[in-house]
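Worksheet: the structure to be examined is printed underneath.
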Amino acid sequence: STIEWEFGPLEQKYEVLQYYGVKSLTADELNQVAALRGNWEKLKGLTVGVQESLGAMQRNYKVSLVGDVADFKNNVKKYAEDYAENGPGVSNIQPKEAIDRLNRHEREFADLDRKYTMFNAGEVLFGMPTTS
């Protein structure tokens, strides 16, 4: 990697500084330079483990997302049916009843909109086609 290419020149510069005594180097600073490659290898090993762990978790989340999106589609369909049958625009209801129905449907819509945004972000994250 590009970062590994930077280790050689850095180590060489510290060797030159130490050899010529241009800068008084602390033991801690020299130890950090000496441990740089080893620490980098440990970090790379850690990233491989984290990547494998995330890959395993990703499968579970993706399966869950697919199920949640299917449920969401059913909920949207039920919402639309309920709005048409029991919404504020139904004839022969009192204005107060229409306002109550409108408020209830606005709350339900806000919840559905929040879920849509969340599921859409999940689909984008997993590279899936987005649900419209």
Side-chain angles (χ1 to χ4, degrees):
S1 80
T2 306
I3 293 177
E4 290 171 341
W5 292 353
E6 301 295 324
F7 291 154
L10 180 67
E11 290 167 334
Q12 288 174 350
K13 288 174 185 173
Y14 269 91
E15 286 175 10
V16 169
L17 289 172
Q18 187 178 14
Y19 180 78
Y20 289 106
V22 174
K23 178 184 176 198
S24 59
L25 301 172
T26 65
D28 185 44
E29 193 172 4
L30 292 173
N31 288 336
Q32 287 178 353
V33 172
L36 193 57
R37 283 188 192 269
N39 290 339
W40 177 250
E41 293 302 321
K42 287 179 188 176
L43 181 62
K44 287 188 343 185
L46 179 63
T47 60
V48 169
V50 168
Q51 184 178 12
E52 290 172 357
S53 174
L54 287 175
M57 290 179 358
Q58 177 183 356
R59 286 184 285 281
N60 295 335
Y61 284 127
K62 190 173 181 179
V63 168
S64 176
L65 177 63
V66 169
D68 289 343
V69 167
D71 291 343
F72 176 74
K73 287 179 181 180
N74 289 333
N75 290 341
V76 168
K77 185 178 178 182
K78 288 177 186 176
Y79 171 81
E81 291 170 357
D82 184 55
Y83 189 85
E85 294 172 11
N86 303 310
V90 174
S91 60
N92 299 326
I93 61 171
Q94 295 297 316
K96 182 179 179 342
E97 177 67 20
I99 290 173
D100 291 343
R101 289 181 182 194
L102 178 63
N103 289 337
R104 180 176 62 89
H105 281 92
E106 282 179 344
R107 285 190 305 273
E108 290 175 16
F109 180 82
D111 186 48
L112 289 172
D113 187 53
R114 180 189 57 80
K115 288 180 181 179
Y116 173 79
T117 302
M118 183 176 64
F119 294 149
N120 188 274
E123 289 170 331
V124 169
L125 178 67
F126 291 124
M128 300 167 55
T130 56
T131 303
S132 55

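When all heavy atoms of Pro88 and Ala98 are compared, the pair lying nearest together is CB-O, 3.3 Å. Residue Glu123 comes nearest to Thr130 through the heavy atom pair OE1-CA, 3.2 Å, listed as atom of the first residue, atom of the second, then distance. When all heavy atoms of Phe126 and Leu65 are compared, the pair lying nearest together is CD1-CD2, 3.7 Å. Minimum interatomic distance between Asp111 and Arg114 (heavy atoms only, all atoms of both residues): OD1-NH2, 2.8 Å.
Checked against ring pair (Phe, Tyr, Trp, His ring centres under 6.0 Å), Tyr79 has the following partners two or more places apart in sequence or in another chain: His105. Qualifying salt bridge (charged side-chain N to carboxylate O under 4.0 Å, His left out) partners for Glu15, counting only residues two or more places apart in sequence or in other chains: none. Remark: Glu81 pairs with no residue by the side chain to side chain donor-acceptor pair (under 3.5 Å) rule, at least two apart or across chains.
Using a 4.5 Å cut-off between side-chain heavy atoms of Ile, Leu, Val, Met, Phe, Trp and Tyr, with links allowed through other members, Tyr20 and Leu17 fall into the same hydrophobic cluster. Met128 and Val63 fall into different hydrophobic clusters, where Ile, Leu, Val, Met, Phe, Trp and Tyr are joined by side-chain heavy atoms under 4.5 Å apart, directly or via other members. Hydrophobic clustering (ILVMFWY, side-chain heavy atoms < 4.5 Å, transitive): Ile93 and Leu102 are in distinct clusters. Under the 4.5 Å side-chain heavy-atom criterion for grouping Ile, Leu, Val, Met, Phe, Trp and Tyr, Phe72 is not connected to Val124 through any hydrophobic cluster. Neither Val48 nor Leu43 shares a network with the other; the hydrophobic side chains, linked directly or stepwise wherever heavy atoms of I, L, V, M, F, W or Y lie under 4.5 Å apart, form separate groups for each.
Salt-bridge formation is detected for the pair Lys96/Asp100: a Lys NZ or Arg NE/NH1/NH2 atom is positioned less than 4.0 Å from an Asp or Glu carboxylate oxygen. Electrostatic pairing of Lys115 and Asp71 does not count as a salt bridge here, judged by no charged N lying under 4.0 Å from a carboxylate O. A salt bridge links Arg104 with Glu108: the distance from a Lys NZ or Arg NE/NH1/NH2 to an Asp or Glu carboxylate oxygen falls below 4.0 Å.
Side-chain atoms of Val76 and Lys73, non-hydrogen and from C-beta on, never get closer than 4.5 Å to each other. Side-chain contact between Lys13 and Val16 is absent, with no heavy-atom pair separated by less than 4.5 Å. Counting heavy atoms from C-beta on, the side chains of Tyr14 and Leu10 come closer than 4.5 Å. Side-chain contact between Val90 and Arg101: present, with at least one pair of heavy atoms (C-beta onward) separated by less than 4.5 Å. Contact of the Leu46 side chain with the Lys42 side chain is not registered, since no non-hydrogen atoms from C-beta on lie closer than 4.5 Å.
In this structure, Asp113 contributes its side chain and Phe109 its backbone to no donor-acceptor pair below 3.5 Å. Tyr116 contributes a side-chain N or O that, together with a main-chain N or O of Thr131, makes up a donor-acceptor pair within less than 3.5 Å.
To the nearest 0.5 angstrom, Gln51 atom CD is 10.0 Å from Gln58 atom CD.
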